[in-house]
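What follows is one structure encoded as C-alpha cells, with my remarks underneath.
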Protein chains: 2
Amino acid sequence: MPTVSDVARAAGVSRQTVSNVLNSPEIVREETRTRVAAAIAELGYRPHASARRLRTRRASTIAVRLDPFAGGISGAVLDRFLHALTERAEARGLSVMLYTAKDAADEIRQFQRLVDGAAVDAFVLASTYDGDPRTEWLIEHGQPFVTFGRPWGIADLDDPLHFWVDVDGRAGVAEAVRRLRGSGARTIGFLGWPAGSGTGDERRAGWAAGVAEGDREGGVVTEGPRAEPARLSAESEESVAAARAATRRLLAQASDLDALVAVSDTLALGALIETGGSLPVVGFDNTPVAEAIGFSSIDQRVDEVAAAALELLELVGRSEAGDPRSHRLITPEVIMRPPGPALGLVG
Amino acid sequence: MPTVSDVARAAGVSRQTVSNVLNSPEIVREETRTRVAAAIAELGYRPHASARRLRTRRASTIAVRLDPFAGGISGAVLDRFLHALTERAEARGLSVMLYTAKDAADEIRQFQRLVDGAAVDAFVLASTYDGDPRTEWLIEHGQPFVTFGRPWGIADLDDPLHFWVDVDGRAGVAEAVRRLRGSGARTIGFLGWPAGSGTGDERRAGWAAGVAEGDREGGVVTEGPRAEPARLSAESEESVAAARAATRRLLAQASDLDALVAVSDTLALGALIETGGSLPVVGFDNTPVAEAIGFSSIDQRVDEVAAAALELLELVGRSEAGDPRSHRLITPEVIMRPPGPALGLVG
DNA sequence: CTGTTAGCGCCTTCAG
DNA sequence: CTGAAGGCGCTAACAG
C-alpha cells in the first residue's frame with residue numbers, strides 16, 4: 001500500500017501537504033490540491049486508520065453494547081436502533097464497535113478496556129435506569145457518551161453532563177388514544193407493566209392524559225367514571241400469557257371497553273388473542289409481529305433517535321449548564337392498521 | 001496513561017522485556033515476569049491498541065455487515081447471530097465492527113476501505129448466494145473471511161478457499177417430520193418458498209425425505225399417494241397473508257392433513273391463523289413470535305454457528321484443498337411446543 | 001501556503 | 001533470557 005510519502009513524491013510536494021489536503025483542504029492552494037488528489041487517485045492511496053489513530057489519539061469509533069439477547073418480541077427495538085446508528089455513523093465517518101457485558105460492573109470494566117486501549121472515543125448506552133453506575137463512571141472519567149433513554153433520577157434529567165435522547169412515550173400513547181377516539185372508540189383501556197418502570201409509567205400517563213382530554217371534549221365532568229381511569233387499566237408482566245390473563249381481568253371489570261392501548265406489542269398480542277380480535281388494540285414498538293399480524297402500534301422512530309444521538313455526541317463537552325441541547329425527546333409515530341379482517345383471528 | 005517505558009523503568013527492566021511479558025510470557029524468567037506484572041498492576045498500565053495495531057498490522061477486529069433492517073419476523077436471526085458472535089469474539093480477544101452496504105458493489109467498496117485502512121482483518125458474511133461477487137473479491141484479495149451460509153454454486157461447495165458455516169436445514173426439517181409423526185401425525189404437509197432459493201429447497205428436501213422415511217417404516221409402497229409429496233406441499237412468499245392463502249390451497253388439495261411444517265415462522269404463523277390452531281405447525285427460526293404464541297419451531301443454534309465461524313477464521317489460509325475443516329454444518333434443534341391451548345386461537 | 005522536524009506506543013530485528 | 005536501535009504511517013508544531 002502506498003503511504004503519504006509515496007503520494008508526496010508522486011505529486012512533488014511534502015508529506016505534510018498531502019496530509020493537509022486530506023484533513024484541511026481549505027488551507028492548500030487549489031492547484032496543489034488537485035495535483036495531490038490526482039496522485040492519490042493514481043496510486044490508489046488510502047489513509048491508514050491505525051496510524052492516524054495513534055497520532056491523533058482519536059479512534060473515530062463509538063462503542064455500543066449488545067445485550068445477550070433478552071429475547072421477547074420487543075427486544076428487536078435495540079437491534080433496529082443499532083442498524084440505524086451504524087448507517088448514520090458511517091455517513092459521519094464513524095465506526096461502530098460492539099461489546100457485551102454481563103452486568104453494570106462488567107460493563108464498567110469494558111469501558112476501562114476500550115478507553116485505555118484508545119479503541120473507542122464515545123459510548124452509546126441503552127436502557128438506562130435510576131442511579132445507573134455506568135453514566136456516573138463515564139462522567140467521572142470524562143468519557144463522551146449519549147444514552148438512548150433518559151436518566152430516571154429526577155435530579156439528573158437536566159444534568160448538562162448527561163446527554164440523552166429518548167422517545168416520548170407519553171405523547172405517543174396520548175396520540176394513539178386520540179386516534180382511536182377519532183375512529184369511534186369511546187371507552188379506551190390500558191394494558192401496562194406494573195408501576196415502577198419509568199418507561200411504562202410514562203406510557204400509562206400518556207393514556208390517562210389522552211382519556212382525560214377526551215372526557216373534557218365530550219363534556220364529561222372530571223369526577224365521572226370515565227375520568228377515573230383505574231377501572232380501565234390493568235397490569236401485566238411482559239409475556240403473552242400474562243397479557244391474556246390481564247385482558248380477562250380488564251374485561252371483567254370494564255365490559256364496556258371499545259379499544260385498548262398496550263404498553264408493548266407483546267401485551268397487545270396477548271390482548272388480541274384473548275379478545276379474538278374483536279377490539280382494536282394498539283401496541284408499542286411496531287415490531288415485525290405487529291406488521292405481520294396487522295395490528296396497530298406505536299413506532300419509536302429509531303432512525304431519528306440514532307441521528308439525534310450522533311448530533312448530541314458532537315456537542316458533548318461543549319454544553320453549558322441547563323443547555324437544552326443536551327437532550328432530545330423524539331415523538332413516536334402511531335401506525336394505525338385496519339383492524340379485524342387483517343387479523344383473521346375471528347373469522 | 002503509562003506506557004511500556006514507564007513500566008520498564010518501574011520494574012527496572014527494558015521496554016522489550018515488558019513487551020515479552022505481555023506477548024510471550026513463557027520466554028521470560030519467572031522472577032522477572034512477576035516483577036513486571038507487579039509494575040503493570042501498580043501503574044495501571046494497559047496496552048495501547050492503536051499503537052499495537054500500527055506495529056503488528058493486525059486489527060484483531062472482524063467486520064460484520066448489518067443490513068438496513070429487512071423487517072419481517074425472521075430478520076431477527078441475523079441479529080441473534082450477531083449477539084452470539086460478539087460474545088464469542090470477545091472471549092478470543094477480537095472486536096466486532098459493523099458496516100452497512102446498499103448492494104454487493106457497495107459492500108466491496110467497504111471491503112476496500114476497511115482493509116486498506118487496516119481497520120479490520122477478517123470478515124463474516126451472511127446471506128451468500130450463487131456467484132456472490134463478494135466472496136470472489138475477498139478470495140482474490142487474500143482477505144480472510146467466513147460466511148454464514150454455504151456457497152450455493154455447486155463447484156464452490158468444496159472450495160478450500162471458501163470457509164463457511166451453515167445450518168443443516170434439511171436435517172432439521174426431516175427431524176421435525178419425525179417428531180410430528182412420533183406424536184401421532186400421519187399426513188404431514190409442507191409450506192415452502194418458491195423453488196430456487198437454496199435454503200428453501202434444502203428445507204423442502206428435508207421434508208420430502210422425512211415423509212419418504214415414514215412411508216417406508218409404515219410399509220407404504222414408494223408409488224403410493226403419501227409417498228408422492230407434491231399434493232402435500234404449497235408455495236408462498238414470505239408474508240403472513242400469502243401464507244394464509246397458500247394454506248387454504250393446501251387444505252383444499254389435501255383435506256387429510258394432520259400437521260404442517262413451514263419453511264419459516266412467518267409462514268407458520270400464517271398457517272396457524274388460517275387453521276385457527278387446529279393443526280400442529282412447526283416453523284423455522286424459533287423467533288420470538290413462535291415463543292410468544294407458543295408454536296413449535298426449528299432453532300438455528302446461532303450460538304454454535306458463531307463459535308464455528310470463529311474457529312474457522314483461525315484456520316483460514318492454513319487449509320489444504322479438500323480439507324473438510326474449511327466448512328461446518330450445524331444441526332439445528334427442533335423445539336416442540338404443546339399445540340392448541342397455548343395458542344388460544346381456537347378456544 | 002509549503003517544507004522540516006519530531007514523535008504517538010509498540011514490537012521486531014539483532015547483539016549481548 | 002535481556003538490552004539497544006529502528007521504524008510502522010501519520011500529523012502537530014514550527015520555520016521558511
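All values reported here derive from a predicted model rather than from experimental measurement. The sequence lines fix the lettering, A, B, ..., with proteins before strands; numbering per chain opens at 1.
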Query raised in the report: For every nucleotide of nucleotides 6-16 of chain C, 5' to 3': is a protein heavy atom under 4.0 Å from its base (B), only from its sugar-phosphate (S), or from neither (-)?
Result: BBBBBBB----
Could you list the donor-acceptor pairs under 3.5 angstrom formed between side-chain atoms of residues 32-45 of chain B and any protein atom two or more places apart in sequence or on another chain?
{"residue": "B:R33", "atom": "NE", "partner": "B:P25", "partner atom": "O", "Å": "3.4"}
{"residue": "B:R33", "atom": "NH2", "partner": "B:V28", "partner atom": "O", "Å": "3.3"}
{"residue": "B:T34", "atom": "OG1", "partner": "B:E30", "partner atom": "O", "Å": "3.4"}
{"residue": "B:T34", "atom": "OG1", "partner": "B:E31", "partner atom": "O", "Å": "2.8"}
{"residue": "B:R35", "atom": "NE", "partner": "B:A11", "partner atom": "O", "Å": "2.9"}
{"residue": "B:R35", "atom": "NH1", "partner": "B:E31", "partner atom": "OE2", "Å": "3.0"}
{"residue": "B:R35", "atom": "NH2", "partner": "B:A11", "partner atom": "O", "Å": "3.4"}

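- Look at A:T17 and you'll find a side-chain N or O under 4.0 angstrom from OP1 or OP2 of C:dG3.
- A donor-acceptor contact under 3.5 angstrom links the side chains of B:E90 and A:T100, judged on distance only.
- Atom CD of A:E26 is separated from atom P of C:dT2 by 13 Å (rounded to the nearest Å).
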Requested in this report: Given side-chain contact (heavy atoms from CB on, under 4.5 Å), test B:V120 with B:I62 step by step and report yes or no.
Outcome: CA-CA 6 Å; B:V120 139; B:I62 60 188; over 6 Å; no
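- Remark: the B:N20 side chain and the B:Q16 side chain contain an N/O donor-acceptor pair separated by less than 3.5 Å.
- One axis for each end of the helix from C:dC1-D:dG16 to C:dG16-D:dC1, each built from five base pairs, and the angle between them comes to 30° at 10° resolution.
- Residues that satisfy the ring pair (Phe, Tyr, Trp, His ring centres under 6.0 Å) test with B:F145, not counting sequence neighbours, are B:H162.
- With sequence neighbours left out, the side-chain contact (heavy atoms from CB on, under 4.5 Å) criterion links B:H48 to A:L54, A:R57, A:A118, B:S50, B:A51.
- Protein chain B contacts DNA chain D over a range whose 5' and 3' limits, counting nucleotides with an atom under 4.0 angstrom from a non-hydrogen atom, are D:dC1 to D:dG9.
- No donor-acceptor pair under 3.5 Å is formed between the side chain of B:T147 and the backbone N or O of B:W164.
- At least one donor-acceptor pair under 3.5 Å links the side chain of A:R301 to the backbone N or O of A:T331.
- When heavy atoms are screened at a 4.0 angstrom cut-off, A:T32 is found touching the sugar-phosphate backbone but no base atom.
- Salt bridge status for B:D303 with B:R80: absent, with no side-chain N to carboxylate O gap under 4.0 Å.
- Tested against B:L66 for a side chain to side chain contact (heavy atoms under 4.5 Å, CB included), the candidates A:L85, A:D79, A:T86 yield a single pass: A:T86.
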